[in-house]
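Only this structure's heavy atoms are used, side chains among them; waters, hydrogens and symmetry mates stay out. By convention in this document, chain letters (A, B, ...) are assigned in the order of the sequence lines, proteins followed by strands, and residues within each chain are numbered from 1.
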Amino acid sequence: MQSIVDFIVSLNIPLITQPIAKLIIDLLLAAVVAVLAPSSLVILTWLERKIIGRIQDRIGPNRAGPFGILQAVADMVKMFTKEDITPTKADRISFNIAPSLSVMAAIMVFAVIPFAPGFVGADLNVAVLYVVAIGGFSTLSILMGGWASNNKYALLGAFRVVAMLLTYEIPMVMALIVVTLAAGSMSMVKIIEAQSSMWYIVSLPVAFLVFLIAGVAESGRSPFDLIEAESELIAGFHVEYTGIKFGMFMIGEYVHMLALSFLLAILFLGGWQIPFINVAALPGPVGPILGFISLMIKVSCFVFILMWFRGTLPRFRIDVLIDFGWKFLVPLSLVLVIAVAVAVKLAQGFGVWAETVALLVVNLLVAALAVQSQRLVANSRRLK
Amino acid sequence: MIIQAIFIVMTLCTLGGAVGVVSSRNLFHSALYLILSFFGVAGYYVLLSAGFLAVIQLMVYIGAIAILILFAIMFSRESAMNSAKESQANRQRWLGLPVAMGLFISLIAVIIPVNWPIQQTAPTTDMVRDLGVAFLTSYLIPFEVVSVLLSVALIGAVMLAREENPPVKETK
């Protein structure tokens, strides 16, 4: 990063000094991330249709371009040319702000994501909390859109969003706390570095599962897509949206999914780490390039898993969903936080392997406890 | 220069939002203005290099409190959904005036004479760690008391919301 700044300064353009060159580079990189993240929609929608098509024993899009890869472009042209409708009785300002807020919230997460060694927008020391805080904006956008449409179905969709997102935010934060405890920092870069010898998916499997479930719920995708349950609510909060404003909600959803995959890869699969290779120590541009490829492979795996979920799992019923959140995930994650805190403290100073084993044992114990308690509950219900 | 510009924008957010809260005739809009105001305050924290507080401000005030306020408005008021116009004042407005004025004057009287110290040294970078250590050593008792208070509030809310005589569940 610094070398590019030096290069620009060395061109000796008038008025371009060190701080201004840095500002230009920063703005440029921010623009690249902000444009590339929504552009991933082009690939993601095509991929999702194709994958879900295959899962359902169909071919999926195959008309536009080879393998139907231009389908997303066709969709976009369609969306741009549709009539832009604002209902007469809608709350005009909130109605129009909500879609952009949803895209904004999804893109802002990428500000703290380290793409490769040394390539991170802002290495905040509270990055993990920042991600959760930004999640609040996407809830807000859905709430605003649902209310402003002045439509009963949209409002019902918005109600469900809040009930669900508030429920699943707690286990999500708890899982993040577990990772923070193990890494000893809330900075994304430090969390990746702490996984140089062991990925957290191995030592913290329960936290990974809790984060995965809560994360999918937060992104409002199937099997947690009650927000837009077609059979009950038509389309939920975006029932009144047309054209590009509907498209922006879609961008928001897909970018959210991508951001979730990035977070999963960074927090539990070691981000840009490659097993047995010290990426950060590689000479020149090799390290960042390899690291970026490694991260993207992991992210693609998670993107595929999320689409797989959508293709195979049926939708939850709302009461089951809320019950599962409050009566299972929240207690489980609370117990996990306490157990991991104790394990981290006890294993401190005994080396990486002792720590891994301790964390793994604690995780498995908590998992066994959870399963056993569920069995007891189910048995007592059956006897009634 | 950039910092000043950001400060001005954040001030506009905070004060504009605050004025919007009390002047808007639609409750839902008031709540949205409140979020704008909270956002401005979070911006101040960032400018003061208090990143942790800024993020917590966003998380707690916007992510939780403001959204619950919106939720409550949507649930409890039919008029809010129909964008009906409401009066901003009730019968107690004349009582409220001296109270608000008194609070304003006393706050100004406290704020103006204070000589705000400006430290030349950079603030500590790892504020999260410092905060955590402070919470668990010198401020342990207040921290615990606040935790108990919050738990009491939580349990109280559950007790209030609970049905008096829960209907007998159907058994099959």
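Other residues, nucleotides and ligands place more than 12 heavy atoms under 6.0 Å from the CG atom of B:L103. By the neighbour-count criterion of 12 heavy atoms within 6.0 Å, atom CZ of A:F159 is densely surrounded, having more than that number from other residues, nucleotides or ligands. Counting non-hydrogen atoms of other residues, nucleotides and ligands closer than 6.0 Å to CZ of A:F137 gives a total above 12. In the displayed structure, B:Y61 atom OH is contacted under 6.0 Å by at most 12 heavy atoms of other residues, nucleotides or ligands. Atom CD1 of A:I93 has 12 or fewer neighbouring heavy atoms from other residues, nucleotides or ligands inside a 6.0 Å radius.
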Inset, instruction - Evaluate the side chain to side chain contact (heavy atoms under 4.5 Å, CB included) criterion for residues A:S185 and B:R129: first the C-alpha distance (whole Å), next the side-chain angles of each, then the deciding distance (0.1 Å), finally the verdict. - result: CA-CA 9 Å; A:S185 172; B:R129 189 175 293 274; 5.9 Å; no
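Contact of A:L140 with chain B is made through backbone and side chain together, with heavy-atom distances under 4.5 Å.
Shortest non-hydrogen contact noted between A:Y130 and B:V55 is N-CG1, 3.4 Å.
Taken to the nearest 0.5 Å, the CG atom of A:L143 stands 8.5 Å off from the CG atom of B:L32.
Top candidate by heavy-atom pairs under 4.5 Å with chain A, chosen from B:L58, B:I67, B:L68, is B:I67.
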